[in-house]
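Data block below; observations after.
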Amino acid sequence: MISITLNGREQSFDVEADMPLLWLIREEAGLRGTKFGCGIAQCGACTVHVDGQAVRSCMYPAVAAQDKQVNTVETLGSKDAPHALQTAWIKHQVPQCGYCQSGMMMAAAALLQNNANPSGEDIDVAMTNICRCGTYSRVKAAILDAAKEISS
Amino acid sequence: MSMTRRMFVFGGAAIGGGLALGVIGLGTHLAVHDRLAVQREGNGKDTLLNLWLRVNQDNTVTLLSPHTEMGQGAGTGLTQIVADELDLNWDQIKLELAPPSTEFSNGGVFEGFIGEMIGKAPKWAEHIASNAFNRLADVLNMQMTGGSASIRFTGWNIMREAAAAARQMLINAAIDKHSASANTSTDSGFVVDGDNRWSYGELVEHAATLAVPEDYVLRSPSDRKFIGKAMPRHDLPDKVFLKTQYGIDRYVDGMRYAAIAHSGVFGADVASIDNLDEIIAMRGVLAVEKMGLSVAVIADNPWRAEKAVKALKITAASHENSDISSASIESFQRQSLQGELSDAHAVGDVTSVQDGTGETIEAEFWVPYLAHATMEPMNASAWMEGNKLHVAAGVQNPLYVRAHAAKIADMDIENVVFHAHSMGGGFGRRVGFSMSEDNPIMWIDEVVTLVKKYQFPIKLTWSREADTRQDVYRPAILANFSAQLDENGKPSYWKSASYGSEGGAPAAMTPYNIGNVQVQFANHPSPIPVGFWRSVENSQHAFFNESFIDILAEKAQTDPIAYRLSLLNKDDDHAKCLTEVAKLCNWQHGVSDDGKAMGVAVQKSFGTMVATVAEVSLQNNKARVHRVWVVTDSGVVVNPDSATAQIEGGIMFGLTAALYGRCDIENGGVKQSNFHDYPIVKMTEAPIVKVKLLQSDNIPGGFGEVGVPTIAPAVANALAVLGKRLTRLPINA
């Protein structure tokens with residue numbers, strides 16, 4: 001049994017130690033905002049926060065999250081109470097197909113937690129997620145905007 | 001309305017109140033597919049386009065689309081067009097996607113809408129009804145991702161036809177019911193006659209009793225409030241707040257999960273599973289199924305299924321493709337280009353000048369196979385409910401897939417329900433047919449076969465590796481070019497030959513004024529599955545043609561933009577965009593003090609002219625693209641922000657192909673497997689892209705694909721200025 005605090009709620013899962021956190025989240029917990037893209041931690045579509053740090057859950061063994069706080073994109077915000085990143089994502093019309101964007105926003109949220117005022121270069125270094133639709137310039141503009149919003 | 005438009009508007013009272021209008025057009029609109037000799041299931045050459053509008057009693061208007069979001073925001077553009085033609089406020093128009101319920105998603109969408117809105121299809125429409133879903137998909141596809149000019153033309157008109165007819169019916173209702181005057185007009189959701197104002201909602205019941213007018217007129221461009229504005233996309237809030245359900249997110253109770261291994265050789269069956277007992281014993285594994293070209297493992301969790309698939313030891317049946325490699329394909333293509341060729345385009349007589357005295361300039365180009373690599377890998381879910389088979393997936397043409405699933409299941413199409421989901425990227429991958437007549441939607445066959453046998457619900461997901469190795473690829477193409485320059489440095493002839501039937505497409509023709517041109521191609525069946533890849537043949541041929549003209553400019557020691565302009569008429573739209581892009585980027589030919597150089601390319605595709613300049617440097621002998629400038633000329637631009645986003649995205653897509661994209665063939669299969677060896681441009685390598693959209697009153701050009709073709713030649717041409725002329729892609733091989 002693996003016990004984690006998933007989105008604020010302590011839960012136990014009867015899964016193998018090497019099951020990646022992604023599949024525990026998507027299938028055992030039924031939270032499907034976190035996406036599968038590559039399975040080898042290259043694309044970042046599966047990004048979640050473990051104890052506040054961005055991890056690529058497709059290669060992160062569930063057992064490594066034992067007794068830790070795991071937050072998925074479902075905790076980011078809602079239409080009624082949006083995260084500043086979500087507001088900026090809409091303002092800059094970031095998504096195209098949208099599939100990579102929950103991972104993008106989670107990577108960006110972790111970045112802003114660690115660095116409230118990132119430069120464009122900081123963003124380049126931190127945001128290594130793949131977007132096949134090529135929305136990078138808008139992602140960057142939206143992060144800069146959200147950072148300004150949060151710090152004001 | 002004029003019959004020459006070959007369209008019919010019909011309508012009546014909507015069930016549940018309101019006025020419903022549909023438009024049907026017959027004709028041969030599918031030039032893009034006909035050109036590539038792709039036969040569609042259905043009624044052959046008769047193309048049906050339809051669009052549904054419902055004017056509601058609550059004074060709103062619903063644009064009904066039976067297609068799910070395809071990624072490029074066309075739905076928003078459609079509502080902009082309708083809102084203008086119907087004279088609405090923005091908050092009055094709603095885009096409604098057909099819900100994935102049985103009634104709508106069983107593919108009988110045409111009948112479904114008719115049933116919901118006006119009760120019964122007109123007799124004449126019945127025989128084509130079954131094709132309606134496909135055709136509307138084409139309209140949407142066109143609006144979002146390009147498509148041929150004829151499709152776009154019809155789409156642009158057809159949407160306005162229904163809205164214009166509806167507006168006229170509302171005016172006629174005011175005249176008929178309230179004795180309004182002949183000067184009656186509309187104003188943002190109201191019919192207005194002097195001081196009298198009636199909301200559309202008030203008039204809609206009466207309007208629904210009137211005949212559809214034949215004398216409506218389309219509104220003038222000066223009446224537009226939304227076309228040409230950056231209206232926010234309807235689908236983005238759902239994407240940002242996780243309401244969008246992609247195919248991979250489908251879940252039904254009792255679902256089991258399948259993962260797939262293919263034989264590893266295109267066309268070859270799996271001959272044997274060599275460690276079946278070991279696989280069956282793995283945790284969660286429920287079944288292992290050999291299905292011709294593939295093996296499926298079914299388990300209680302997708303990761304367990306995939307883990308078992310990765311542990312599978314399989315042997316491919318011997319097959320004639322087993323020995324093929326990229327090298328053997330390239331050498332076969334080279335040999336083919338020496339053999340009998342088909343003529344595509346000809347101007348003047350190349351043979352009459354070929355033996356001239358000038359230096360003959362020759363170049364051989366090569367582009368590799370490319371996978372689509374959509375972010376969401378191929379997947380589908382299927383389950384039985386009573387005697388009905390349900391299939392859920394994100395695909396570009398749901399009715400085709402529904403018909404295909406029925407064929408695989410050996411069931412009547414009426415007993416197959418298709419649930420269309422949003423797609424995590426398409427780029428041509430999720431079309432049901434391919435250029436080589438290989439089946440691009442094998443995952444549908446696989447899941448249907450499994451559900452038929454096991455009866456429980458199954459979601460089948462291809463791993464990234466399966467997705468990369470079992471694609472319908474952008475074709476690998478070898479091309480030969482030759483030319484001779486006259487005493488003024490202008491080509492006295494231009495000769496090209498390329499491999500593949502796309503060599504016959506207009507994209508293969510040089511746009512420059514050259515007295516003698518011969519464009520030819522060789523074509524033989526492809527051993528590797530090839531399909532539609534964002535911008536189709538334009539991505540290869542723009543690289544060939546725009547690199548070669550640059551080589552000639554280099555030989556003529558002339559500025560590459562000036563050289564191109566000297567071979568174009570002043571009023572040509574290539575010249576217009578080249579001139580504009582030169583201004584936009586402050587064009588400099590040569591190496592800058594900090595080691596950068598600019599390269600240019602121009603290509604018209606899908607009705608849109610695109611001129612692109614890339615600023616490139618060499619860092620550790622690898623190309624680094626700093627800035628990109630793009631000028632487009634595309635007639636009416638419905639939504640400039642969406643259009644800009646599509647160009648930005650197209651540049652990134654094309655840049656990935658230019659810098660990194662290659663699928664190498666080894667032993668009959670693709671060597672690359674995932675993003676570590678099939679890399680995608682990331683943010684840190686993404687250039688700054690500046691886009692300028694030139695507009696006119698001409699019919700709208702496409703945007704989804706047109707950003708792709710020019711970036712590879714623009715980068716290659718910049719590298720040539722830095723001393724590195726590359727005629728083979730990818731650049732950073």
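Note on naming: letters A, B, ... go to the chains in the order of the sequence lines (proteins, then strands), and numbering restarts at 1 for each one.
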Side chain proximity check, [X] to [Y], heavy atoms < 4.5 angstrom:
X        : Y        : answer
A/Cys133 : B/Phe653 : no
A/Gln86  : B/Leu242 : no
B/Arg304 : A/Met19  : yes
B/Met683 : A/Val125 : no
B/Ile680 : A/Gln42  : no
B/Arg233 : A/Ile90  : no
B/Met375 : A/Cys131 : no
B/Arg283 : A/Glu16  : yes

Counting heavy-atom pairs closer than 4.5 Å to chain A, which one of B/Gly649, B/Pro687, B/Gly650 comes out on top?
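Answer, by heavy-atom pair count under 4.5 Å with chain A: B/Gly649.
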Using a 4.5 angstrom heavy-atom cutoff, name the option from B/His372, B/His676, B/Glu376 with the most pairs to chain A.
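Option with the top pair count is B/Glu376.
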Contacting moiety of [X], where chain B heavy atoms sit under 4.5 Å:
X       : result
A/Lys35 : side chain
A/Leu76 : neither
A/Lys91 : neither
A/Val94 : backbone

Counting only heavy atoms closer than 4.5 Å, note whether [X] contacts chain A via side chain, backbone, both or neither.
X        : result
B/Tyr246 : side chain
B/Lys459 : side chain
B/Met652 : side chain
B/Ala686 : side chain
B/Thr644 : both
B/Thr468 : neither

Using a cut-off of under 4.5 Å on heavy-atom pairs, state which of [options] scores highest against chain B.
options                              : result
A/Ala45, A/Pro20, A/Cys58, A/Cys43   : A/Pro20
A/Gly30, A/Ser78, A/Cys100           : A/Ser78
A/Gln101, A/Met127, A/Arg138         : A/Arg138
A/Leu85, A/Thr135, A/Val73, A/Ile130 : A/Ile130
A/Thr128, A/Val139, A/Leu22          : A/Thr128

Heavy atoms only: give me the nearest [X]-[Y] pair and the separation to one decimal.
X        : Y        : answer
A/Arg132 : B/Thr656 : NH1-CG2, 3.7 Å
B/Pro377 : A/Tyr99  : CD-OH, 4.2 Å
A/Trp89  : B/Val240 : CB-CG2, 3.9 Å
B/Gly424 : A/Cys97  : C-SG, 3.5 Å
A/Ser137 : B/Glu648 : OG-OE1, 3.9 Å
A/Cys38  : B/Phe675 : CB-CD1, 3.6 Å

Kindly write out the residues that satisfy side-chain hydrogen bond (donor to acceptor under 3.5 Å, both in side chains) with A/Thr47, not counting sequence neighbours, or none if the list is empty.
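By the side-chain hydrogen bond (donor to acceptor under 3.5 Å, both in side chains) rule, A/Thr47 matches no residue at all.
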A/Arg26 vs B/Asp249, side-chain contact (heavy atoms from CB on, under 4.5 Å): CA-CA, chis, key distance, verdict:
CA-CA 9 Å; A/Arg26 278 184 64 87; B/Asp249 301 327; 3.1 Å; yes
What's the separation between atom [atom1] in [X] and atom [atom2] in [Y], rounded to the nearest 0.5 Å?
X        : Y        : atom1 : atom2 : result
B/Phe241 : A/Asp80  : CZ    : CG    : 8.5 Å
B/Glu685 : A/Asp124 : CD    : CG    : 10.0 Å
B/Lys307 : A/Trp23  : NZ    : CH2   : 14.5 Å

Neighbour count above 12 (heavy atom, 6.0 Å) for [X] [atom1]:
X        : atom1 : answer
B/Lys310 : NZ    : yes
A/Glu121 : CD    : no
B/Lys243 : NZ    : no

Given 3.5 Å as the limit, does a donor-acceptor pair link the side chain of B/Asn301 with the main chain of A/Glu27, or not?
no
